[in-house]
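Within every chain, numbering begins at 1; the chains are lettered A, B, ... in the order of the sequence lines, protein sequences first and strands thereafter. The structure displayed is predicted, hence computed values, not measured ones.
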Number of protein chains: 2
Amino acid sequence: MVSQQEYGSQEKHLLAVDCVIFGYERGELKLLLFKRQLEPEKGKWSLIGGWVEPNETVEQAAERVLLNITGLRRIFQDEVKVFSAPDRDPGGRVVSVAFYALIDIKSHDKELVKQYGAQWWPVTKLPELIFDHAQMANSSLQKLREKASFELVGADLLPPEFTITQLRQLYNSIFSREFDPGNFRKKILSLNAVVRLDEKDTLDSKKGAYYYTFKKADEIDVSVRIVNS
Amino acid sequence: MVSQQEYGSQEKHLLAVDCVIFGYERGELKLLLFKRQLEPEKGKWSLIGGWVEPNETVEQAAERVLLNITGLRRIFQDEVKVFSAPDRDPGGRVVSVAFYALIDIKSHDKELVKQYGAQWWPVTKLPELIFDHAQMANSSLQKLREKASFELVGADLLPPEFTITQLRQLYNSIFSREFDPGNFRKKILSLNAVVRLDEKDTLDSKKGAYYYTFKKADEIDVSVRIVNS
DNA sequence: TCAAAAGTGTTTTTTATACACCCATGC
DNA sequence: GCATGGGTGTATAAAAAACACTTTTGA
C-alpha cells in the first residue's frame, strides 16, 4: 500500500509559497513584482516568495510574506495551486504553493516595497518572469475572475470610499471588458452590499458621484452572481 | 528578503498526496475509503494517500496512487487544497495535497480494491475519518459541485452509455436535491454535449429510455451553466 | 452651450421554473 | 386498465442585456 512506508524513510522536499499580489491603481489591475536577489536568475522579475517553516501552515507562510512586504495584516489571500514540476526551479527541487492576495495599493507600506526593489506592473503588460511564475500569475487572474463573478471583490482592492463608477472600472480591468454603466450600477445596488454616503467625488466627473462603502461581511446577502459567462 | 536565504539551509518537509475518490453506484454518490494499515490510528478509515517522490509532480503522485488502487489510467483528477496544519498528522509533520478523482465504479479493478481492505461509502453516510480527512472529503464535494455546475460531469462517473434519467439521478445525488425531470432533460439536450443512440434501456422503465453517450471534449460547447445557486 | 459622466427608466431577449399532458409498456 | 417512468409542450416568472433619456456642471 502506497502509504504503508515508514515516515522516516521518506524523501523530504523544500516547500515554499509564492504570492501573486494584486492591486488596483489609476484604472488598472496591477501585480507587485520583484527583482530576484539570489541566484539562479538573479536580477530578473519574479513573484515574492518564502520558505514554509516547520511549525506553520502554508497559509501562515503566505501571511508572513505579505506582512513583510506590505506591512499589512489580514490581507485577503487564497490558495491557487501547487507548482511541483521537478525542474521548475533550476536551483533545486522546490515545491511551491501559489497564493493570490488583494490589497489596496494606497494603504500599503511604500517604503518596504521600495526596499525590496519591487514595482507594480499592469497585468496586461507584465515583464518576463522567472521559472513558472507567469503560470502562477495566469492561474491567479483566473481565480480572481471566478471570485469576482460570485462576490464583490472591491472591498480589498479599492479605498474604503469609492464610487460605483470606480467599482465598475475595477471590474472592467479584472475582466478586460466594458460593463454597461447603467446595468452594472443596478446590479451592484440590487446586491444590497454597499451603502451610499453623503459625500460626492468631484474629481472624476463634473456632476459629482456619490461615494459608497461596503457593508460588513455579515450584513451582506450570500452568493449572488455578479458576472455571467 | 524572505526568499534570500540559501536553499541549503532550509528545513525540508514530508510531502504527501491524499485522494478523494468519487464513484457512483445505485443512485448514490460514493467515496472509496481505506482501513489505515500503519500507525498512528491504524485500523481506522481514511482516504488513500502516498508520498510525493523527488522526481515527480504532485499530480503524478496522485495518478500513481490512483493507478495502484484502481488499475485505471487517465482518471479525471483535480487538486483541491493543501493541508498543512503542523499537527495534522500525529505521526509527524506531513504536508498533504488533497486531490479528488472521478471514476466509473464498474470499470475499476475490484480485486485491487479488495486487497487494500477498501470499501465504497455513500457520501451521505461516511464513517469517522482520521486526521483532517473529513475536511478533505468536504472540500472535495464542494469542488465537485462547482465543477458539475459549469460542465457535465457524467463522463467520468457513469458507464459509457447512460440514460438522461441516470444522469439526472447522478446530479440529484451530487447536489442532494431533486431536479425536475422535464427541465433537466431540456437543459442537458440544449448543451449539445450528448448523442442519442438507437438502443434503449428497459431495466429502469417499462417504456424504455434511450441511451446516450458523451461527445468528445473538443466537440462540446464551452462553459454553459448547468446548475444555479 | 456642450461634452461627459451620473443616474434612472423602458424594452427586448433570454433563461429558469413550474407543471400539464401524452406515450409506451409490463404487470 | 392503470401505475410508472419517458418524453414533449406551454405558461409564467425572473434575470440579463441593450439602450434611451434626463441631470448636473466645469470648461
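Proximity of a side-chain donor or acceptor of A:His108 to a complementary backbone N or O of A:Thr70 within less than 3.5 Å is not detected. A:Glu79 places a side-chain N or O within donor-acceptor distance of the main-chain N or O of B:Val82, the cut-off being under 3.5 Å.
Between the P atom of C:dA5 and the CD atom of A:Glu178 lies a distance of 11 Å, rounded to the nearest Å. We find that CG of B:Asn172 is positioned 13 Å from P of D:dG5, with the value rounded to whole Å. Between the OH atom of B:Tyr211 and the P atom of D:dG6 there is a distance of 12 Å, given to the nearest Å. We find that NZ of A:Lys187 is positioned 18 Å from C1' of C:dG9, with the value rounded to whole Å. Atom-to-atom, CZ of B:Arg177 to C1' of C:dT17 comes out at 11 Å; the value is rounded to the nearest Å. The CZ atom of A:Phe184 sits 13 Å away from the P atom of D:dA17 (whole-angstrom rounding). As rounded to whole Å, 11 Å separates atom P of C:dC19 from atom CG of B:Asn183. In this structure, CZ of A:Phe175 is placed 17 Å from C1' of D:dA17, rounded to the nearest angstrom.
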For a quick test of your reading: what N or O donor-acceptor pairs under 3.5 Å do the side chains of residues 152-168 of chain A make, sequence neighbours left out?
| from | atom 1 | to | atom 2 | distance (Å) |
| --- | --- | --- | --- | --- |
| A:Thr163 | OG1 | A:Gln166 | N | 3.1 |
| A:Gln166 | OE1 | A:Thr163 | N | 3.1 |
| A:Gln166 | NE2 | A:Asp204 | OD2 | 3.3 |

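Contacts between residues 199-208 of chain B and DNA chain D, defined by a heavy-atom separation below 4.0 Å, involve B:Asp204, B:Ser205, B:Lys206, B:Lys207, B:Gly208, listed by number.
Under 4.0 angstrom from either OP1 or OP2 of D:dG5 there lies no side-chain N or O belonging to B:Thr165.
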Review point. Step by step, would you call B:Leu144 with B:Leu102 a side chain to side chain contact (heavy atoms under 4.5 Å, CB included)?
Key: CA-CA 9 Å; B:Leu144 173 57; B:Leu102 305 179; 3.8 Å; yes
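Taking only distance into account, the side chain of B:Lys186 never meets the base of D:dG7 through a donor-acceptor pair shorter than 3.5 Å.
In this structure, of D:dG7, C:dC19, C:dG7, it is C:dC19 that holds the atom nearest to the side chain of B:Asp180.
Ring orientation note: the planes of A:Tyr171 and A:Phe175 are close to parallel, at an angle under 30° on the 30°/60° scale.
A cation-pi contact, defined as under 6.0 Å to the ring centre and within 45° of the axis, is absent between A:Lys114 and A:Tyr116.
Residues meeting the ring-ring contact (aromatic ring centres under 6.0 Å, His included) test with B:Phe76, sequence neighbours left out: B:Tyr100.
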